[in-house]
Every structure is written in structure tokens, then in C-alpha cells.
Amino acid sequence: MALLSRIRGPRDLDRLSPEQLDRLAAEIRSFLVDAVSKTGGHLGPNLGVVELTIALHRVFESPKDKVLWDTGHQSYVHKLLTGRQDFSKLKMKGGLSGYPAQAESDHDVIENSHASTVLGWADGLAKANEVLKKDDHVVAVIGDGALTGGMAWEALNNIAAAKDRPLVIVVNDNERSYAPTIGGLANHLATLRTTDGYERFLARGKDLLERTPVLGKPLYETLHGAKKGLKDFIAPQGMFEDLGLKYVGPIDGHDIEALESALQRAKRFGGPVIVHCLTEKGRGYQPALADEADRFHAVGKIHPDTGLPIASSGADWTSVFGEEMVKLGHEREDIVAITAAMLQPVGLDKFAKAFPDRVYDVGIAEQHAATSAAGLATGGLHPVFAVYATFLNRAFDQVLMDVALHKCGVTFVLDRAGVTGTDGASHNGMWDMSILQVVPGLRIAAPRDADQVRAQLREAVEVKDAPTVVRYSKGAVGPAVKAVGRVGGMDVLREPAEGAERPDVLLVSVGALAPMCLEIADLLDKQGISTTVVDPRWVKPVDEALPALAARHRVVVTVEDNSRVGGVGSAVAQALRDAGVDLPLRDFGIPPRFLDHASRKEVMAEIGLTAPDIARQVTGLVSTIDGRYEEPTDSVAVAEPAEAARD
């Protein structure tokens, strides 16, 4: 890594010869494979943008010039070239973020890790430069996958309206987002990729015609004057130019000299320019290139030589859902599936293989997915839209006004709900149970284990007159948590010891936190505090039997892997008030702040969402109600209360 170790900032690239730049690109790829195989991360996308990132930093002067990345997962090379070469704790607590991070570097302008947003940012920054009369350049790098999102086209419509406002849009075209890019835009870009480019055609024609006596030069000038029509015939980029955007390309995204030439031309142009670069996701690493599913888009810890995972964590929540969907597909012909460019990550790949005509990948377009689902339901089908919990935020209005208002039977399956950890603030699925509480008629299931994922998914798809939501965590799914009884629609997971006339605590456990809630009950029992633990299963609406059950206890405690603001705890409190049940209630959940990247366990400990911390606070609450306060014993008092709850 002789060259890479000498790069402390982008200007160090200026001294390198073309041969050295090629060596540097090879060193970067070797570094990425070695480093990311040890930590996990987004490997394939970064292997594909090595030369492009080098060229960008040679042509533009970051951080004065603003280089923006969409969605940000392909910024590892950018980090290496801007002085951040310690990848030993990538995505871990205290280490580098897997996305651009303002706290890390002045070169990281935005922290967007949701797709299709960068062009909106770029439009705003370019407008600010214009008003403030700055000569800074704005460069937005967006993948062809992110261009399937509607936000990107809303921004392009505005960008194109200002013919003399400088802005460079680099389309990183690798034919993929997670998986191969689909849709009309993908077909258009494929046409550009597979036809001879205008510039090469014209160069060959010029060489031939200039050697032709008398008619050669006039004929060449005529052809050159017919530029627009000829361009559309040879390489039909008219879609962009019809918007009023200057188009450059397609460019070999692994040819640094060609990239620099194109970017310099775009930099000098006084208006919006699209530079279309063709890159190869996973370039230089054979295991990634051989992975047709997603070209090692995101990997865990792997063997660098083979690309094989180092360890298997067993069955995970996603695979449980995916297998049950296949069973449902065989049983019901009306079940169809929708994904937003994430067929494999959300577990629908097996369904797609079994029922290829009943799965719809709409690209990175969650809003469209939700409304299209409403249309599918109105047409007589039952769509299941599987999406990361954090990405459903983007389609809230469509869930509310298109699905719920029209009483459409659509099931939303929210993967990676709650604290996900290593991908940082934007990927924690901590808002869904809050924002969806306000949707009339919508029902939310929070399965506690694999058995409940299967059961509650089946219950959800039976609902034909309202939207349903099934949400579950990231990673390995633990052992089944058996119920010992049933009250209303709620499972009783633990009953208080015999002889307790009025148990102290009703502990309402939400979803995957059931094992932790049982641990809390054990810790409380050691303090002489009797506890009933219930799993509502369906957390919206609040079960009608809950207020009466609560009234038989002295304190109600809710524990959820969701924001405390407007979450399940708030809904339970309102249900108790409406029923005239006046009891102390303590709600534990995620504080209303953005959470830094770390492991799930570390994040949960930091916010106080652990069994010892919760048991400590509940012990203090019960003691206060008794008119006394005793410091809990060491078996409970492990940590100071953090931000998980307030009175």
C-alpha cells in the first residue's frame, strides 16, 4: 500500500502520474477487500467506484467544491482519499461510519443514506451558491438504481429549469441498486450502454471524411450541425437533453484519463451537466463478480480469498418471513409481493423464484409501491409489500391517504424494525410504530419469535378491509417464547407467583423484546415484586382486554423497540385513560434522538434499554408507591438510568 499510505488528502493525488494512479486504484481495491472482509460492510459498490472517486477528487477541490454521494454507501474510497484510512472499526462504536458523516470530515457534506435524495441537496446548494455569488462547484454522484426514485426526477425537473446554474450530475451506471436495476429508465440506460457512442462515431466519421476530396469537409460540418438528431440515432440520450440537461457520455468509469476529461468539460460548462459513467459493481474481486444476486452489495465478515462467510448466525427473521410467503403463495393465488429494489434483502427472492409473475420490483420508489399496492388490492389481490422499517417513513402519505382511506387490504412487512445499530441513525427502524399510530383502521403486529412471524403474517393477510403491518427485528431469531395463557387477544408469557392478590407490575412486552421482559420479571421477583408479562401480539389497536387486566395491578410498564414519542407506551396510556384506569405507567423505549452507529447491544445499553436498567427503575417506582424507597440490590442496580424512560 505504498501509494495509498501517502494519500492524506485529495491534493496528494495531483502529483501522481497516470501509471501511479492505476497502481493506486489496484491498492485501494486490495485494501477494501482486506478491510471490509474483517468488519463487514458495503463492498461491491465501493469496488466499482475506485477510478471514478479518484477522478472526482483530482478534478474538483473538496471540501470547497461540494461532492455529494447518493446513497452514501459507496463513499469508502472517498473516505480513503480524504485522510480516513483506519477501517479497523468500520461501522463499529468509535469507528468510521458506513456512510458519509459530518462529524468525521469536512469533506462529508451530507449524511444521506436513503436513496434518491442527493439531487435535491445539489439543487439547493447550487441555488445557494448563486444567491451568495460563490464560485464553488456542486457535484452529485447518483447511481442508476437511485434514479428509479421519484425524488430524483422531481429534482431533475427543477435543476433543468436553470440553464446557467452550474451543477454536475455524475450518473454511476452499474446496472444495479442492490440487484439489477429495473424499469423504463434502466432500459434507456441499457440502450446508451450498448450502442456506439456519438463521439466515437463522429470521430471515426471525421477522420474518414477529412480524407475525402472536395465534399469531405462540408459533409462533415453538415453532419456535425445535425448533432441532436445524429446523437439520438447513435446513442439516444435525448431523455436527458430534452429536459434541458447537457449530456456527456457514456464514459468508461474505470478509465481515469477519460473520466477526468469528461469531468473537466462538465466543470467548465456554465449550466447543469450529466456525466454518464459505466462502472462494474464488485470490480476486481472475483467472488463479488460471481455473485449475481447483488455483487456483494453488503457483506458480513468473510474469507477474503473465497468471499464465503466466516460464520453462520442461524435462521434470521427475514428468512422465516420469506419461507412463509412461499407457503402462502402456494395456498392463495391472490397473494402477490412488492419490493422496492430489495428483493433479496427483504427475503422475497424465494417467492420470486416460485411465482415470478406475482412479484413486482418497483425500484427505489416506496411511495409508488404503497399506492400501487392499493391498486392491486382494489383489483382483487392481496399485496404484501416487504420493506425496511426505516424506508416506510418515505411512504407515509400513501399509507394514510391511498391505502387506509380506501380501506385496502394491503400487508406491509417491516424488516429491520427497532435498533439495527451498525448502519447508524438513518437505518434504525425506530419510528414506524409512532407514525403509524395515527392511521385510522391500520393494525400493527409485533411478533416475538419465528412462530409468531408465521402466525401473525397469516392473520394479517386475512384482513381485506384495512392495511396491516407485521414488523420484526434484524438478524438471528431466538428460541420460541411460549405463552402460558391468553387474555383477550394477548398472550400471557408469565404469571405472578401464587398468592399474589394484586400483582405489582403488568409488564407489556412488545415484539422481539419478550426474552428481555422475562429477564426483567425475574430480576423484579428477586426484589419481591410480583409481575405479569403479556405480549399484546397486535399492538395497534390496543387490545380491549388490556385496561381491565391493568386494573388488577398496581403499576403498568411498557417496553418497546421504538421511539417513546407516540409509540406503544403512549397508546397504552391513552387506552387506560379512556377506560378510566388511573395507574402509574412507565414507558420504556428509544429516546427521541438520532443514534450513532454501534452494535445493537451497545446501542441498547447506551440508551438504557436493558433488563437490569429497566428493573432498577421499576423497583424504584414500586418502592415509591409503597411510601418507601430502598436502594435496589446489586442484582438489579447495574447501571444508572439512561434515556429509555421517564415518569
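- With N393 contributing its side chain and T390 its backbone, the two residues share a donor-acceptor pair below 3.5 Å.
- Considering CZ of F87 and OG1 of T39, their distance stands at 8.5 Å, rounded to 0.5 Å.
- For Q74 (side chain) and G72 (main-chain N/O), a donor-acceptor pair under 3.5 Å exists by modelled atom type.
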Inset, instruction - For salt bridge (charged side-chain N to carboxylate O under 4.0 Å, His left out), just list the numbers for D535 and R448, CA-CA rounded to whole Å, side-chain angles, deciding distance to a tenth of an Å, and then say yes or no. - result: CA-CA 8 Å; D535 172 12; R448 64 180 179 269; 2.7 Å; yes

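- Between the side chain of K540 and the main chain of V439, a donor-acceptor pair closer than 3.5 Å is present.
- Between the side chain of D70 and the main chain of V118, a donor-acceptor pair closer than 3.5 Å is present.
- Salt bridge present: K79 and E104 bring a charged side-chain N and a carboxylate O closer than 4.0 Å.
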Legend entry - Intermediate values then yes/no, salt bridge (charged side-chain N to carboxylate O under 4.0 Å, His left out), R458 and E331: CA-CA 11 Å; R458 287 179 171 273; E331 295 169 19; 2.8 Å; yes

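- Electrostatic pairing of E366 and R394 counts as a salt bridge here, judged by a charged N lying under 4.0 Å from a carboxylate O.
- Contact detail for R486 and V492: the closest heavy-atom pair is N-CG2, 4.2 Å.
- With S599 contributing its side chain and E602 its backbone, the two residues share a donor-acceptor pair below 3.5 Å.
- T420 and N428 share a side-chain donor-acceptor pair at under 3.5 Å.
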Inset, instruction - List the steps and the verdict of side-chain contact (heavy atoms from CB on, under 4.5 Å) for L524 and V618. - result: CA-CA 8 Å; L524 294 175; V618 175; 3.9 Å; yes

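- For H42 and Y99, the distance between ring centers is under 6.0 angstrom.
- Contact of the H382 side chain with the V336 side chain is not registered, since no non-hydrogen atoms from C-beta on lie closer than 4.5 Å.
- The minimum heavy-atom distance between V470 and Q456, with the atom names listed, is CG2-O, 4.1 Å.
- Between the side chain of D561 and the main chain of V419, a donor-acceptor pair closer than 3.5 Å is present.
- Residue E544 places its CD atom among 12 or fewer non-hydrogen atoms of other residues, nucleotides or ligands, all under 6.0 Å distant.
- When side chains are defined from C-beta on, Y388 counts as touching P345, because their heavy atoms get closer than 4.5 Å.
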Legend entry - Intermediate values then yes/no, salt bridge (charged side-chain N to carboxylate O under 4.0 Å, His left out), D432 and R471: CA-CA 9 Å; D432 56 287; R471 55 107 68 184; 2.9 Å; yes

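- A salt bridge does not link R494 with E519: every distance from a Lys NZ or Arg NE/NH1/NH2 to an Asp or Glu carboxylate oxygen is 4.0 Å or more.
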Inset, instruction - Take D543 and R443, measure what salt bridge (charged side-chain N to carboxylate O under 4.0 Å, His left out) needs, and give me the verdict at the end. - result: CA-CA 11 Å; D543 196 285; R443 311 174 198 184; over 6 Å; no

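- When all heavy atoms of G608 and I614 are compared, the pair lying nearest together is O-CG1, 3.9 Å.
- Between D504 and S530, the side chains place a donor N or O and an acceptor N or O closer than 3.5 Å (distance only, hydrogens not considered).
- The main-chain N or O of H368 is never found under 3.5 Å from a side-chain atom of Q398 such that the two would form a donor-acceptor pair.
- Put simply, OG1 on T531 and CG on D522 are 9.0 Å apart, with the number rounded to the nearest 0.5 Å.
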Inset, instruction - Decide side-chain contact (heavy atoms from CB on, under 4.5 Å) for I625 and R554; before the verdict, give the C-alpha distance in whole Å, the side-chain angles of both, and the deciding distance to 0.1 Å. - result: CA-CA 9 Å; I625 294 171; R554 303 171 67 209; 3.6 Å; yes

Legend entry - Worked check of side-chain contact (heavy atoms from CB on, under 4.5 Å) between V555 and R586: CA-CA 8 Å; V555 174; R586 179 70 68 89; 5.6 Å; no

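- For H427 and F391, the distance between ring centers is under 6.0 angstrom.
- For D316 and T318, the side-chain atoms include no donor-acceptor pair closer than 3.5 Å.
- Taking CD1 of I444 as the start and CG of L436 as the end, the distance is 5.0 Å to the nearest 0.5 Å.
- Atoms CG and CD1, from L523 and I529 in turn, are 10.5 Å apart once rounded to the nearest 0.5 Å.
- Under 4.0 Å is where a charged nitrogen must lie from a carboxylate oxygen, and between E462 and R332 at least one such pair does.
- Under a 3.5 Å cut-off, the side chain of S434 and the backbone N or O of V565 do form a donor-acceptor pair.
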Inset, instruction - Start with the C-alpha gap between V510 and N562, add the side-chain angles, then the distance that decides, and say whether side-chain contact (heavy atoms from CB on, under 4.5 Å) holds. - result: CA-CA 9 Å; V510 176; N562 181 79; over 6 Å; no

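- Heavy atoms from other residues, nucleotides or ligands lying under 6.0 Å from CG of D582 number 12 at most.
- The two residues G98 and S75 have their closest heavy-atom pair at O-OG, 4.5 Å.
- L457 and F321 make their closest contact through CD2-CD1, 3.8 Å (heavy atoms, listed as atom of the first residue, atom of the second, distance).
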Legend entry - Residues T371, D402; criterion side chain to side chain donor-acceptor pair (under 3.5 Å); working and verdict: CA-CA 6 Å; T371 301; D402 295 328; 2.7 Å; yes

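- With rounding to the nearest 0.5 Å, the separation of CG in L609 from CD in E560 is 9.0 Å.
- At least one donor-acceptor pair closer than 3.5 Å links the side chain of D108 to the backbone N or O of A101.
- The one candidate from D451, D449, D491 that meets the salt bridge (charged side-chain N to carboxylate O under 4.0 Å, His left out) condition with R537 is D491.
- In terms of modelled atom types and a separation under 3.5 Å, the side chain of R502 and the main chain of H553 share a donor-acceptor contact.
- Minimum heavy-atom separation, V410 to A373: CG2-O, 3.6 Å.
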